[in-house]
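See below for the structure under consideration.
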Amino acid sequence: MTYFVETLNRHIIEQERKYPQATGSFTALLTDIALVGKIISYYGEPKPDWLNILGKAGGIKYSW
């Protein structure tokens, strides 16, 4: 039995092809949102020492 996995990006592009009047701006937005989701899932929750670097640079220092 063969399984076909359709990625989110492939699905978005195939759906966009159905509408010739599409400009691609919504596709770009959805692709960016998907990328942010991947980045968040990779890094997980913010680490306290990562946040302390922001405090040393003169920004807001967060305490947990």
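The first residue of the sequence shown is numbered 1, and numbering continues consecutively from there. The shown structure was predicted, so the numbers you read here are calculated from the model rather than taken from an experiment.
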Show the atom names and distances, to 0.1 Å, of all donor-acceptor pairs under 3.5 Å that link a side chain in residues 26-34 to residues at least two apart or in another chain.
unit_1 : atom_1 : unit_2 : atom_2 : d
Thr27  : OG1    : Glu16  : OE1    : 3.0
Thr31  : OG1    : Thr27  : O      : 2.8

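- Under the side-chain hydrogen bond (donor to acceptor under 3.5 Å, both in side chains) criterion, Thr7 pairs with no residue at all, not counting sequence neighbours.
- One finds the CD atom of Gln15 at 4.5 Å from the NE2 atom of His11 (value rounded to the nearest 0.5 Å).
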